Number of protein chains: 2
Amino acid sequence: MPQQPKQAPTGEPVAPLDRALDGLIGYVLSRVQIKMYQNLTNNFSEFDIRPTQFSALFIIHQNPGLMQAELARTLAIDPPQAVVMINKLEQQGLALRIRCKADKRSYGLFISKSGEVLLKKLEAIAAQSDLESTSALSADECSQLLTILGKLYRN
Amino acid sequence: MPQQPKQAPTGEPVAPLDRALDGLIGYVLSRVQIKMYQNLTNNFSEFDIRPTQFSALFIIHQNPGLMQAELARTLAIDPPQAVVMINKLEQQGLALRIRCKADKRSYGLFISKSGEVLLKKLEAIAAQSDLESTSALSADECSQLLTILGKLYRN
DNA sequence: TATTGTTATACTCTATAACTATA
DNA sequence: TATAGTTATAGAGTATAACAATA
């Protein structure tokens with residue numbers, strides 16, 4: 001007790017201890033997501049940027065003038081989280097809030113010049129990181145995967 | 001400013017604001033994972049159990065006597081997190097630690113009788129939740145997805 | 001009265017260092 | 001000295017209620 005051999009001579013596990021969960025798509029998906037997220041985080045490490053902040057910057061760039069509430073909804077985060085994130089992006093000089101003249105309660109979100117410069121770099125890194133993480137797949141499998149994940153998201 | 005129409009007459013967004021990120025497998029995967037995780041959490045709501053605790057219970061059941069460090073490695077969590085989780089499973093009477101005679105530093109982890117009873121229910125719920133979340137896919141697409149995710153995990 | 005953004009707060013999750021008891 | 005487990009702690013991430021300004 002432990003009743004089971006834990007290590008093969010090579011130091012590799014004899015069999016994954018969670019093999020019996022391999023039939024659950026949710027479980028397997030989650031395992032892969034953790035790996036890819038960590039890989040991207042590592043690839044971003046020279047910048048003070050996390051994957052969600054990258055997504056936020058990207059979405060602001062694609063949708064100049066959008067409101068905080070829209071950004072929050074798109075990223076599936078709560079409005080208070082959006083406030084904190086945008087504060088940070090603003091402090092870093094990457095994005096800015098501009099008060100909306102028509103509805104003075106709200107702000108339009110915009111990317112700054114230096115935000116655009118950084119975003120270009122981050123986009124290249126993210127694309128590269130995606131390639132790294134999916135190097136075991138053929139081009140065909142990649143597009144199959146994107147199609148299937150698209151269906152799952154639209155549900 | 002906002003410079004862009006935000007709502008279609010139905011209340012649905014004109015186009016997803018993150019459409020341009022749809023080519024990044026990591027991003028799309030993460031979106032889907034969030035949905036499936038939330039769905040499973042909701043389906044577990046009548047029990048005081050989270051998806052990770054379910055996985056832990058499942059793995060303990062499949063590998064009776066395994067050590068905490070092995071469980072932590074399998075779940076990709078740090079040893080201190082494993083301690084907290086196992087404490088909770090023990091307090092709930094679902095799992096137990098038994099000191100290893102050969103190496104008195106370590107424990108073997110075991111599932112209890114009532115843990116087994118609960119696990120059976122949770123397995124059924126998890127399988128059902130997986131089906132719900134993947135109802136948009138054909139059987140063929142489900143197996144394609146599992147194959148591809150398997151490759152990504154093994155990398 | 002409802003909505004946008006904000007603050008405060010709390011709870012979970014994650015990560016690290018330092019400790020204990022064994023080896 | 002090294003390892004298994006533990007404690008303490010701090011930092012992210014997440015979620016909720018309550019508030020100010022505006023509609």
Side-chain angles (χ1 to χ4, degrees), chain A residues 1-2 4 6-7 11 30-31 33-35 37-38 40-42 44-45 48-56 60 65-91 95-109, chain B residues 1-2 6-7 11 30-31 33-35 37-38 40-42 44-45 48-56 60 65-91 95-110:
Chain A
M1 187 190 311
Q4 202 168 298
K6 281 154 334 228
Q7 298 277 310
S30 165
R31 274 192 327 201
Q33 196 273 330
I34 290 171
K35 270 189 89 165
Y37 189 90
Q38 285 176 345
L40 184 57
T41 300
N42 289 339
F44 279 167
S45 63
D48 187 17
I49 287 285
R50 296 171 175 287
T52 310
Q53 294 170 322
F54 161 67
S55 305
I60 292 171
L66 86 165
M67 292 194 300
Q68 295 188 191
E70 292 177 297
L71 180 65
R73 225 180 301 127
T74 303
L75 293 174
I77 64 178
D78 294 290
Q81 288 176 65
V83 172
V84 175
M85 169 179 292
I86 296 163
N87 284 348
K88 194 167 177 204
L89 291 176
E90 231 179 5
Q91 282 155 22
L96 49 153
R97 285 181 247 239
I98 298 182
R99 192 120 231 175
C100 177
K101 283 175 196 160
D103 182 342
K104 281 188 221 149
R105 292 172 305 181
S106 70
Y107 297 92
L109 299 177
Chain B
M1 186 190 313
K6 282 155 333 229
Q7 300 274 312
S30 166
R31 273 192 327 201
Q33 197 271 332
I34 290 171
K35 269 190 91 167
Y37 189 90
Q38 285 176 344
L40 184 57
T41 300
N42 289 338
F44 279 167
S45 63
D48 187 18
I49 287 286
R50 295 169 175 289
T52 310
Q53 294 170 321
F54 161 67
S55 305
I60 293 171
L66 87 164
M67 291 193 303
Q68 296 187 190
E70 293 177 296
L71 180 65
R73 224 180 303 127
T74 303
L75 293 174
I77 63 178
D78 293 291
Q81 289 176 64
V83 171
V84 175
M85 169 179 293
I86 296 163
N87 284 347
K88 193 166 179 206
L89 291 176
E90 231 178 4
Q91 283 155 20
L96 50 153
R97 285 180 247 239
I98 297 182
R99 193 121 230 174
C100 176
K101 283 175 195 160
D103 183 342
K104 281 187 220 149
R105 291 173 305 180
S106 71
Y107 297 92
L109 299 177
F110 296 88

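Source: prediction; values computed, not measured. Lettering of chains follows the sequences in order, A, B, ..., and the numbering in each one begins at 1.
Minimum atom distance to the side chain of R50(B) is reached by dT12(C), of the listed dT7(D), dT12(C), dG5(C). Listed candidates were dG5(C), dG5(D), dT7(D). Nearest to the side chain of N87(B) is dT7(D).
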R97(B) and L109(B): CA distance, side-chain angles, deciding distance, side-chain contact (heavy atoms from CB on, under 4.5 Å) verdict:
CA-CA 5 Å; R97(B) 285 180 247 239; L109(B) 299 177; 3.7 Å; yes
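When the C1' atom of dG5(C) is taken as reference, atom CG of L89(A) falls 16 Å away, rounded to whole Å. Separating the CE atom of M67(A) from the C1' atom of dT6(C) is a distance of 15 Å, rounded to the nearest angstrom. In this structure, I98(A) places its CD1 atom 14 Å from P of dG5(C), rounding to the nearest Å. As a whole-Å value, the separation of K88(B) NZ from dC11(C) P is 13 Å. Note: CD (Q68(B)) to C1' (dA4(D)) measures 8 Å, nearest angstrom. One atom, CG of L109(B), and another, C1' of dA4(D), lie 12 Å apart when rounded to the nearest Å. Atom CD1 in I34(B) sits about 12 Å away from atom P in dG13(D), given to the nearest Å.
Between R97(A) and dT4(C) there is no side-chain N or O to OP1 or OP2 distance below 4.0 Å.
Under the ring-ring contact (aromatic ring centres under 6.0 Å, His included) criterion, F44(B) pairs with F54(B), not counting sequence neighbours. Residues passing the side-chain contact (heavy atoms from CB on, under 4.5 Å) test with K104(A): none are found, sequence neighbours excluded. Shown here are the side-chain contact (heavy atoms from CB on, under 4.5 Å) partners of N42(A), two or more places apart in sequence or in another chain: there are none. Considering only residues two or more places apart in sequence or on other chains, I34(A) meets the side-chain contact (heavy atoms from CB on, under 4.5 Å) condition with S30(A), Q38(A).
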Under 3.5 Å, which donor-acceptor pairs link side chains of residues 78-86 of chain A to any protein atom two or more places apart or in another chain?
from: D78(A); atom 1: OD2; to: Q81(A); atom 2: NE2; distance (Å): 3.4

Taking protein heavy atoms under 4.0 Å as touching, what does nucleotides 14-23 of chain C look like 5' to 3' if B marks base contact, S marks sugar-phosphate-only contact and - marks none?
BBBB---BBS
